[in-house]
Number of protein chains: 2
Amino acid sequence: MKNAPDLSAQIAKSIRDAIVSGDLPVDERLPSEAELSEQFDVSRSTVREALKRLAAQSLIRTQRGATGGAFVNRLTFQDAYGQQITTSALLLSMNEVDFVTACEARFALERACAPLSAQRRTADHLATMRAEITRQSQPGLSDESFCASDVAFHRALVDGAGNPVLSYQLAGAVEAIEPLMNMITFTARSRDHIVAMHTRIADALEASDAEIVDKLLAELADYTAELGQSVASASAK
Amino acid sequence: MKNAPDLSAQIAKSIRDAIVSGDLPVDERLPSEAELSEQFDVSRSTVREALKRLAAQSLIRTQRGATGGAFVNRLTFQDAYGQQITTSALLLSMNEVDFVTACEARFALERACAPLSAQRRTADHLATMRAEITRQSQPGLSDESFCASDVAFHRALVDGAGNPVLSYQLAGAVEAIEPLMNMITFTARSRDHIVAMHTRIADALEASDAEIVDKLLAELADYTAELGQSVASASAK
DNA sequence: GACAATTAAATGTCTGACAAATGAAAAATG
DNA sequence: CATTTTTCATTTGTCAGACATTTAATTGTC
């Protein structure tokens, strides 16, 4: 049972390793496709397939023209966010992760940010949170918009920690859960309750009271899990 | 300044959207390359480049032969781990994330797992942690091996929470920091200290004492940050 | 029915060609 | 000489067609 991967996969791996190891620094130009095909002794199509693999991971970017070519791409947090969110969303949907598990992960991680956010959140973060609370209070809002605003609120909380690495890690957990949340029908009463909790969380962050934020997040986690479970038991009938 | 992406990128996006939206379910076979090239009205090479992009993200797998083709791949947690770790490592190295920031994120996230792990860790998790502690106590161990064992120890702690979503999110934070940790030269004294802390953490987990685990992790976070900073100030000279 | 050879379908790879973009050099212009 | 225009070489993007390889189903043979 031989298991030789495709040539294009091998070549992609070879170049990827060079990038990850730092052997090919950011903005370095790779040899042209023609040169690469000579170096690896394969056709240009094979090289191109390898390069497309790397491009899909945002490891390189390509430019046409005389001074063009493939360049090692600086992976931005923005790029990474996007990838993380798609991957997380697929993980949840394809592996039938139940709502409670996803919810637990999300709030556990969010609570990890809370103390830092209580300490460092700027006026901007607070303003964003207040604005989202206002949006959430609008009567005619669709469930989807309510969820989106919920995500934006929590994003602001996470970003308030002022640690881009944390924000990146949390992006997946917070945003990937949105499709699952969208399956919940929010009653007027549950919306009121959530908005009230958000307000208290924002107040506590404004007062830099990490302990209360943590307590409120724990409460909100329980409440959200309950909402999710009532949906699950209703659809199981 | 027109900004039309490549055809292969467009096609990849089209198929990716179909997968993410659930329009193409797991294990569904995509049309053959020939059929796709007809549908999208492009050449087979272009279709292939699109498929390679998707393969790079583990969204599809391909099989040769009569009943072969491209199939929608179930994204496993294992696959996602790998991608997360590479991405996180690149983010840290390419954006010159300082050790303190990375360290802060890592321990904040890890502390999020601690209460759950104290409650749910199995005997297996404890055994793994004890085994790694033993390895870390070996005198002749290289710095790299010490770091690797450190990562394994913390992985076991995180996995103890029994939430695969958490484990996935944490994989990046914990493992991507390893290269940064590798730059630290661990003195015999600092190793002893870390091993002692690990032992106390394992003890607290065995006793299901979440509070003590949290306290110890906070301490370990501070200590690790100190070690990192002393390296930074030494190399700044 | 069991086994072997054939066949069909699909991906993997190669070759060669042309289109399009793009910056740099060369030429024309004032 | 300075500036603008033109040409040109380089490189990626796309296409068409061919052949190799793998794999399962089909067919043929005993």
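Chain A is the first sequence line, chain B the second, and so forth, proteins listed ahead of strands; every chain is numbered from 1.
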With a 4.0 Å limit, can you tell me whether B/Arg44 has a side-chain N or O closer than that to the phosphate oxygens OP1/OP2 of C/dA10? no
Tell me the interatomic distance from A/Arg48, atom CZ, to C/dT15, atom C1', rounded to whole angstroms. 15 Å
Looking at B/Lys52 and B/Glu49, is any side-chain nitrogen of the basic one under 4.0 Å from a carboxylate oxygen of the acidic one? no
Rounded to whole Å, CD of B/Gln63 lies from C1' of C/dA9 at a distance of 13 Å
Looking at the side chain of B/Ser32, which of D/dT14, C/dA10, C/dC14 is the nearest nucleotide? C/dA10
Provide, to the nearest angstrom, the distance between the CG atom belonging to A/Asp6 and the C1' atom belonging to D/dT22. 12 Å
So, does A/Ser45 get its side chain near the phosphate of C/dG12, meaning an N or O under 4.0 Å from OP1 or OP2? no
Per the salt bridge (Lys or Arg N to Asp or Glu O under 4.0 Å) rule, what does the pair list look like for residues 167-177 of chain B, sequence neighbours excluded? B/Arg155-B/Glu175
Would you say the side chain of A/Thr62 lies within less than 4.5 Å of the side chain of A/Phe71, judging by non-hydrogen atoms? no
What contact category does A/Arg29 fall into here, base, sugar-phosphate, or nothing, at under 4.0 angstrom with non-hydrogen atoms? sugar-phosphate
How would you list all residue pairs meeting salt bridge (Lys or Arg N to Asp or Glu O under 4.0 Å) that involve residues 4-24 of chain B, not counting sequence neighbours? B/Lys13-B/Asp17
Spacing between A/Arg64 atom CZ and C/dA19 atom P, to the nearest angstrom: 13 Å
Within this structure, what is the CD-to-C1' distance between B/Glu49 and D/dC15, rounded to whole angstrom? 11 Å
When you measure from the side-chain N and O atoms of A/Thr67 to the phosphate of C/dG23, is any distance below 4.0 Å, counting only OP1 and OP2? no
Please report the distance, rounded to the nearest Å, between CD in B/Glu35 and P in C/dA8. 18 Å
Nearest-angstrom distance from the residue atom CD1 of A/Ile11 to P of C/dG12: 14 Å
Roughly how many Å is it from CZ in A/Phe71 to P in C/dT22, rounded to a whole number? 12 Å
Under 4.0 angstrom, heavy atoms only, what part of the nucleic acid is A/Thr46 near: base, sugar-phosphate, or nothing? sugar-phosphate
Heavy-atom check, side chain of A/Thr101 versus side chain of B/Asn163, under 4.5 Å: yes
When you measure from the side chain of B/Ala66, which nucleotide among D/dA24, D/dA16, D/dT12 comes out closest? D/dA24
